[in-house]
Amino acid sequence: MNNLIDNYIDFISDNKTERKCTEAAIRIAEKHGYKDIDKVSTLKPGDKVYVNKMDKSLILFNIGNDDISKGMNILGAHIDSPRLDAKQSPVYEDTSNKTGIVYLNTHYYGGIKKYQWVALPLAICGVVVKTDGTKVDVCIGDDPADPIFCISDILPHIAQEQMKKTASEFIEGEKLDAILACYPNVTDYKDPERDKYNPGDGKDKVLAFFEKKYGIKEDDFASAELELVPAGRARYLGFDRTLVVGYGQDDRVCAYTSLIAMVEGKTEGRTSCCILADKEEIGSTGATGMNSHLLDNAVAEVVARLDVKCNPELVIRRALANSYMLSSDVNTAFDPLNASLYDSQNSSFLGRGVVFNKYTGARGKSGASDANPEFIAKVRAKLYDSDVHFQNAELAKVDVGGGGTIAHYAAEYGMSVLDCGVSVLSMHAPWEITSAYDIEQAYLCYKAFLTMC
Ligand code: MN
Ligand code: MN
């Protein structure tokens, strides 16, 4: 299984945006015989296809022998992670103080503790689309030869006022701007003109860099998706190397294990499906998120290519309503340093296997999908049979907070859904912690689930 973990570490180190994850997932799927559904006109049992939605979310299908209207076995993970997005007009220079510092202005994405994102190495990853339609891939900061970027913080010596603030005010969202360059314009200290500051020089130089390296002009940032993400690779954590620390493990840890379980799986009975969705961290919004027709449109494309006997619209509805789904998303790991937040008998622990989360939500389960016991029993039985270790947990103690996943969007189709994923320590921090054993158990769990009758 070391191979699985090593490959996982490579996957999250090399793919820090939803676009990169989609691209990599397509590469992996194609190696296993999956084809772009747009290039396939008919489907029969055994066929493998994927639906690529705007290069930001991906749905894979492996057609089973059973009538699709009896339902599919679906794994649903998300591939977006909290980060700082560049604004549409992001490059500016501090001209008022004549520091010559050039910044990237950002707007954070997803639930972050803002103070965690300062004073650490950051990389810029994403795409810029030019008006002629060309898409330029930008990635600076992850190659050890690259420069990195950083958001500054106040030194403790003069932070008395800052230290009085609450953590949510400690670093303001608007101040999450990363240093791109510093051109103080001093070339010779003997030069009497040394204090001469040319406003805008620094910004022009940064823009010139973007133009030279990527062929993009300042206007082109208006049609860009550039994400500031933690720079550097995921690593094994601890002397015994049983843990993994890395960026974006929520939810790429479940996305990767779901994907590998899917592409390696042999579908015989029910059709298998694996969803890698975008936008979960901001409420599954948009055309690439699960609160859209992403899934039913994809299933409609599949049904349109199958030889179905009755009304295709009814087949699609039945296929969805009769499906089993594991909403493969992460759960919070019990944290001994903050034990009072958890009900230890209903918490997930690092290294104890994949986690069932019957319900997420907050304030009396609000927003939860709340899985049916009939379905949980079925999944339990399958995992006992398959020797997969699992644990049952809630996020934390009642009323200490809450969260959600894509489970309730899938449940809207009437299918049986259970949240089931890997537990994560320091979730949503720039560097999140998981257990290699749990990653392995998640993979085994997803593999077993896809063969469930
Ligand atoms: Mn998640
Ligand atoms: Mn999350």
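One-based numbering, in listed order, for ligands and for the atoms of each. These numbers come from the heavy atoms of this one structure, side chains and all, not from hydrogens, waters or symmetry mates. In this text, all values refer to a predicted model and were calculated from it rather than measured experimentally.
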Note to self: Does this structure show an ion pair linking Lys378 with Glu374, if we count only N-O contacts that are shorter than 4.0 Å?
What the structure shows: no
Note to self: Tell me whether Arg252 contacts the main-chain N or O of Ile79 through its side chain, where contact means a donor paired with an acceptor under 3.5 Å.
What the structure shows: yes
Note to self: Would Lys87 and Glu174 count as a salt bridge (Lys or Arg N to Asp or Glu O under 4.0 Å) here? Give the steps.
What the structure shows: CA-CA 11 Å; Lys87 289 192 184 183; Glu174 198 54 74; 2.9 Å; yes
Next item on the list: Determine how many protein N/O/S atoms sit closer than 2.8 Å to the Mn ion (ligand 2), leaving waters out since they are not shown.
Entry: 4
Checklist line | Atom NZ of Lys35 with >12 non-hydrogen neighbours under 6.0 angstrom | finding: no
Checklist line | Within residues 335-361 or reaching into it, pairs that qualify as ring-ring contact (aromatic ring centres under 6.0 Å, His included) - sequence neighbours excluded | finding: Phe334-Tyr342, Phe334-Phe349, Phe356-Phe390
Item checked: Check against side chain to side chain donor-acceptor pair (under 3.5 Å), His428 and Glu281 -> CA-CA 10 Å; His428 283 211; Glu281 296 297 356; 3.1 Å; yes
